[in-house]
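Atoms within each ligand, like the ligands themselves, are counted from 1 in listed order.
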Amino acid sequence: MANKLMVVIPCYNEEEVLHETAARMTEKMASLIRKGYCDEDSRVLFVDDGSKDRTWELIQELHDRQPLFEGLRLSRNRGHQNALLAGLMTAKAHCDFSISMDADLQDDLDAMDRFIEEYRKGCDVVYGVRNKRDTDTFFKRQTALLFYRLMKGLGVDITFNHADYRLMSRRALEGLSQFREVNLFLRGLAPLVGYQSGYVYYDRGERFAGESKYPFKKMLAFAIDGITSFSVKPLRLITTIGLLIFIVSLLMLLYTLVAWIAGRTVIGWTSTLASIWMIGGIQLLSLGVIGEYIGKIYNETKKRPRFIIDRYLNSEGADPVVDA
Ligand code: UDP
Ligand code: MG
């Protein structure tokens, strides 16, 4: 059985960590090959997501020195999820199974052995799950927890504390390539691909160097994307709120009529003003939520490519995939 592994690593302005990542990956791949866990022609694919620093130059140097390293350069910055997809779609054409991970060495490389053991037992998707999050800031931990709870409450099937450290077989990648959505949320799509899956638990470390490329604004956008791509429950919630307000308004109508008949028509402005603000706020919020979904539809109907590849550095002389 062919056993070519491709490790896919999206990189955005990662010049500070790349050398260390490459050094540790060299070691890791050598040990995996020695153990017979993957073939000798296995590769590490760095995807440069339109970095503005020397990331691409470093990837080129690495590739020149060692055929183990391949490089994929996107035409511009498209964000983590798109960069990862570009790498995975390249891997789909060139390997038997892939492992995706971040460039910053937060994920424990030694979990890969266990990933592959699960794969050999017949799993097509293996999720890396963080045991604890004590290396994250309190704020990040709490917001992440809130996010997973919210997703669960909205009925979305995602794995708690699983980021994008994941093994996928070629078959699973083929499945993933059939999801044509532009609003990408890969950790939500993997369970939808189906097949037998397994879990591997590991401790997540600190970022080796450099700073997080996910500031709060991006994190929030990512969370909203995740929710609106996988659940229509917020829309239903709006309908429910609307219905409740309608019922309340009927009661209010009754009340005002009774007050009018009884001749007590001097009603204070507090209640009037409060209800105007309340209803106005709820309406705007609801419009915003509906707008989120319309924005999604807008983006999906345009069917713009999810990534465009500038160059693919590899020792086999293969062309980049165009299926974006
Ligand atoms: N990344 C990317 N494109 C972007 C932002 C991030 O390819 O626009 C990569 C980044 O280089 C890293 C991974 O996505 O390999 C995760 O980013 P980061 O470690 O900054 O996120 P955090 O771990 O803080 O959530
Ligand atoms: Mg990180």
Side-chain angles (χ1 to χ4, degrees), residues 6-22 24-25 44-59 62 69-91 98-109 111 128-148 158-166 182-187 202-226 306-311 324:
M6 196 174 251
V7 178
V8 178
I9 309 181
C11 310
Y12 178 57
N13 294 345
E14 298 285 10
E15 60 179 10
E16 285 166 89
V17 297
L18 219 56
H19 268 303
E20 184 63 22
T21 309
R24 292 210 204 160
M25 278 316 296
V44 175
L45 176 67
F46 288 114
V47 183
D48 174 26
D49 185 17
S51 298
K52 294 179 178 62
D53 62 0
R54 295 191 59 249
T55 300
W56 180 246
E57 282 78 36
L58 294 180
I59 294 173
L62 286 168
F69 295 113
E70 297 191 348
L72 191 70
R73 188 191 200 185
L74 300 195
S75 61
R76 54 158 295 154
N77 180 251
R78 292 305 312 267
H80 178 209
Q81 297 290 296
N82 294 295
L84 185 52
L85 184 77
L88 291 176
M89 292 303 103
T90 305
S98 73
I99 295 178
S100 51
M101 63 171 236
D102 290 353
D104 56 6
L105 296 171
Q106 277 191 290
D107 305 316
D108 176 18
L109 295 190
V129 182
R130 281 173 227 169
N131 267 331
K132 45 187 189 297
R133 276 179 166 263
D134 47 9
T135 55
D136 282 342
T137 60
F138 178 76
F139 180 69
K140 182 138 192 168
R141 225 165 40 222
Q142 294 307 316
T143 46
L145 190 69
L146 187 73
F147 173 66
Y148 286 111
I158 59 167
T159 307
F160 186 67
N161 267 347
H162 159 69
D164 282 300
Y165 191 24
R166 179 172 56 232
V182 176
N183 299 287
L184 265 190
F185 191 70
L186 290 171
R187 66 191 74 167
Y202 68 99
D203 291 335
R204 186 157 158 107
E206 261 168 78
R207 197 172 225 290
F208 175 71
E211 52 193 39
S212 172
K213 310 298 182 286
Y214 269 101
F216 181 66
K217 222 174 102 190
K218 260 199 199 173
M219 244 159 64
L220 195 66
F222 187 57
I224 293 176
D225 257 2
R306 295 177 285 184
F307 54 82
I308 294 174
I309 292 172
D310 178 15
R311 291 192 63 193

Test log, rule side chain to side chain contact (heavy atoms under 4.5 Å, CB included), inputs V8 and T90: CA-CA 9 Å; V8 178; T90 305; over 6 Å; no
Side chain to side chain contact (heavy atoms under 4.5 Å, CB included) between M101 and M25, worked out: CA-CA 11 Å; M101 63 171 236; M25 278 316 296; 4.1 Å; yes
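Within the 4.0 Å heavy-atom criterion, both parts of D102, backbone and side chain, lie near ligand 1. At a heavy-atom cutoff of 4.0 Å, ligand 1 is contacted by the side chain of R204 but not by its backbone. Heavy atoms of N77 found under 4.0 angstrom from ligand 1 belong exclusively to the side chain. The backbone and the side chain of A103 each have at least one atom closer than 4.0 Å to an atom of ligand 1 (non-hydrogen atoms only). Heavy atoms of Q106 found under 4.0 angstrom from ligand 1 belong exclusively to the side chain. Both the backbone and the side chain of H80 come within 4.0 Å of ligand 1, judged by heavy-atom distances.
We find that D49 and R78 are not joined by a salt bridge, their nearest charged nitrogen and carboxylate oxygen being 4.0 Å or further apart. A salt bridge is defined here as a Lys NZ or Arg NE, NH1 or NH2 lying under 4.0 Å from an Asp or Glu carboxylate O, and D203 with R130 fails to meet this definition.
Close contacts between ligand 1 and K218 involve ligand atoms 5 (C), 8 (O) [criterion: under 4.0 Å to a heavy atom]. With ligand atoms numbered from 1 in the order given, ligand 1 contributes 7 (O), 9 (C), 10 (C), 11 (O), 12 (C), 15 (O) to contacts under 4.0 Å with heavy atoms of P10. Near E14, with a cut-off below 4.0 Å to any heavy atom, the atoms of ligand 1 are 10 (C), 11 (O), 12 (C), 15 (O). Atom numbering of ligand 1 starts at 1 in the shown order; those under 4.0 Å from a heavy atom of D104 are 19 (O), 23 (O).
Protein N/O/S atoms nearer than 2.8 Å to the Mg ion (ligand 2) total 2.
Y148 places no side-chain N or O within 3.5 Å of a backbone atom of I158 that could act as its donor or acceptor partner.
For K217, the NZ atom is loosely surrounded, since the number of other residues' heavy atoms within 6.0 Å does not exceed 12.
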